[in-house]
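All values below were derived from every heavy atom in this structure, side-chain atoms included, with hydrogens, water molecules and symmetry-related copies excluded.
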Amino acid sequence: LKHADVAEKNTLPDQGTVAAEKQHIEFTQGIEGFKKENLSKTTTAEKNPLPDPSAISAEKKEVEFREGIEGFSKDSLKRAETSEKNALPSKDDIAAEKAAA
């Protein structure tokens, strides 16, 4: 075996790391040492999150309308016969068209 030199390396934190750690310690001490007596009383105003009656009635009408469409029964419809009407031009119309062209 060959002889190896052992060197101890001691890496010290840089200035930014020390400052960040110091700031964190001050922050936690500030939280731990906070006094509730420094707080002031406040009152909260409750807001009504419900919509006004006109909006409720409008939505109710829309829901009823949709339910009417979705629940429509096709059985109540009457059978209708469709007839195609194809009016052919008369001989006079054909002659007039040829004369115009």
Under 4.0 Å between a Lys/Arg side-chain N and an Asp/Glu carboxylate O for R66 and E62? yes

Roughly how far, to the nearest 0.5 Å, is CD of E46 from OG1 of T43? 11.0 Å

Residues in side-chain contact (heavy atoms from CB on, under 4.5 Å) contact with A55, at least two apart in sequence or another chain: P51, D52

With a cut-off of 3.5 Å and sequence neighbours excluded, list every side-chain donor-acceptor pair involving residues 12-34.
unit_1: D14; atom_1: OD1; unit_2: T17; atom_2: N; d: 3.2
unit_1: D14; atom_1: OD1; unit_2: T17; atom_2: OG1; d: 2.4
unit_1: T28; atom_1: OG1; unit_2: H24; atom_2: O; d: 3.2
unit_1: T28; atom_1: OG1; unit_2: I25; atom_2: O; d: 2.9

To the nearest 0.5 Å, how far apart are CD1 in I94 and NZ in K98? 7.0 Å

